[in-house]
Amino acid sequence: MRRWTPGGPLDLGLVLGPLRRGPADPTFRATADGSVWRATRTPAGPGTLRVRAHGGEVLGEAWGPGAEWLLDGLPDLLGAADDPDAFVPRHRVVALARHRRPGLRLTRTGLVLESLIPSVLEQKVTTDEAYRAWRLLVRRFGEPAPGPAGTGERPMSVMPAPRTWALIPSWEWHRAGVDDKRASTVLRAVRVAARLEQSVRMPAAEARARLEVVPGVGPWTSAEVVQRSHGAADAVTVGDLHLPRIVGFALAGDRDADDSVMLRLLEPYAGQRHRAARLILLSGVAPARRVPKMPRVDIGLL
């Protein structure tokens, strides 16, 4: 067990929520007692971490070969390397969101592949489709989470090792609803997994450049990764279907904003643009939907 005392308010759900890929993510679980469980593949091997708040402290328990690695990284995971006080709200909606969510910190997992693969699966499809693909592939080809989380009625799983991802047959990607383009991107990434994991020791901008060397990994995907792996406060997501309209509407009443407008509106938050965007999303201020949702495509019928 490891104990850690945060230097200010801490909301476990807000901090760790970005690591959850859907309500049935087999690698993530939040329980009624306030605990957050996470099963992952560390440089030392598979591990399961349970985190819970107790008084003014956070308690961490871990199981498996990666247990010590997970416990050593607990402070960074919960935002110890983040500096929320460096953020200065420039808009009322952002200031209110920050006031209402004082426990928001940016996580830093120190792991790349666990965020890269699900982010690739989320390219150009609905979140439901991406979450389903992640769930099916991890359950089918992952391994049981070490410790008590890996047993029982709803066992958790650790995502597959890079070599296992590389050996998944084409028809299994198809059954999970993953097209050849996204599957090929994952396969290219796992072939250079070691080099990608090394990027956690680089500044976020350099890490993004290394990630984008992999064909199929662009600015949207690299931003989604370093937001989690590095706790990158300035890595704003461009190329998103909804974010520019939400930011544009919240900050300027512009429901038709594109990436260029969003980036201009976020200029006052240079160095903290990702945090500003997260607070805007948490504010609940968003334009009414005027276009149909992206249709789901069952590639099994093609």
Side-chain angles (χ1 to χ4, degrees), residues 1-7 9-82 103-119 131 134-135 137-139 141-162 164 193 197 200-201 224-232:
M1 181 180 287
R2 197 68 55 89
R3 297 175 182 269
W4 179 66
T5 303
L10 180 70
D11 185 319
L12 289 179
L14 283 180
V15 177
L16 299 179
L19 305 181
R20 185 177 201 167
R21 306 292 180 155
D25 184 348
T27 70
F28 189 103
R29 181 174 300 162
T31 54
D33 65 356
S35 297
V36 175
W37 296 73
R38 126 181 183 85
T40 190
R41 187 170 296 279
T42 78
T48 303
L49 177 69
R50 179 196 183 200
V51 183
R52 59 191 174 94
H54 182 71
E57 293 182 317
V58 175
L59 305 181
E61 298 174 84
W63 297 262
E68 197 65 23
W69 190 94
L70 287 168
L71 291 175
D72 288 344
L74 181 63
D76 277 354
L77 182 72
L78 298 180
D82 185 32
L104 174 65
R105 290 172 178 264
L106 302 182
T107 186
R108 186 184 192 281
T109 65
L111 297 167
V112 171
L113 216 61
E114 70 159 25
S115 292
L116 175 59
I117 293 175
S119 294
Y131 291 160
W134 172 250
R135 181 175 71 251
L137 292 168
V138 171
R139 284 182 176 167
F141 298 101
E143 58 191 272
T151 60
E153 221 173 274
R154 292 174 56 232
M156 295 179 67
S157 302
V158 174
M159 78 169 194
T164 305
E197 293 293 357
V200 297
R201 297 191 289 271
E224 290 289 308
V225 173
V226 299
Q227 288 166 7
R228 297 163 172 85
S229 62
H230 289 65

Can you confirm whether P146 sits close enough to P46 that some side-chain heavy atom of one is under 4.5 Å from a side-chain heavy atom of the other?
yes

Is the shortest heavy-atom distance from the side chain of W4 to the side chain of L77 under 4.5 Å?
no

Minimum heavy-atom separation for G47 to L70, with atom names?
C-CD1, 3.6 Å

Using side-chain heavy atoms (C-beta onward) and a distance below 4.5 Å, is L16 in contact with R38?
no

Do D82 side-chain atoms and R105 backbone N/O form a donor-acceptor pair below 3.5 Å?
no

Taking side-chain hydrogen bond (donor to acceptor under 3.5 Å, both in side chains) as the test, write out the residues that go with R228, two or more places apart.
E224

Between M159 and L113, is there a side-chain heavy-atom distance shorter than 4.5 Å?
yes

Okay, side chain of E61, backbone of M1: is any donor-acceptor separation there less than 3.5 Å?
no

May I ask you to decide whether R2 forms a salt bridge with E68, counting only side-chain N to carboxylate O separations under 4.0 Å?
yes

Which pairs pass side-chain hydrogen bond (donor to acceptor under 3.5 Å, both in side chains) with one or both residues in residues 151-161, sequence neighbours excluded?
none

Any side-chain heavy-atom pair from D25 and Y131 closer than 4.5 angstrom?
no

Between S229 and T109 the two heavy atoms that sit nearest each other are CA-OG1, 3.4 Å

Close side-chain approach of L49 and L71, heavy atoms under 4.5 Å:
yes

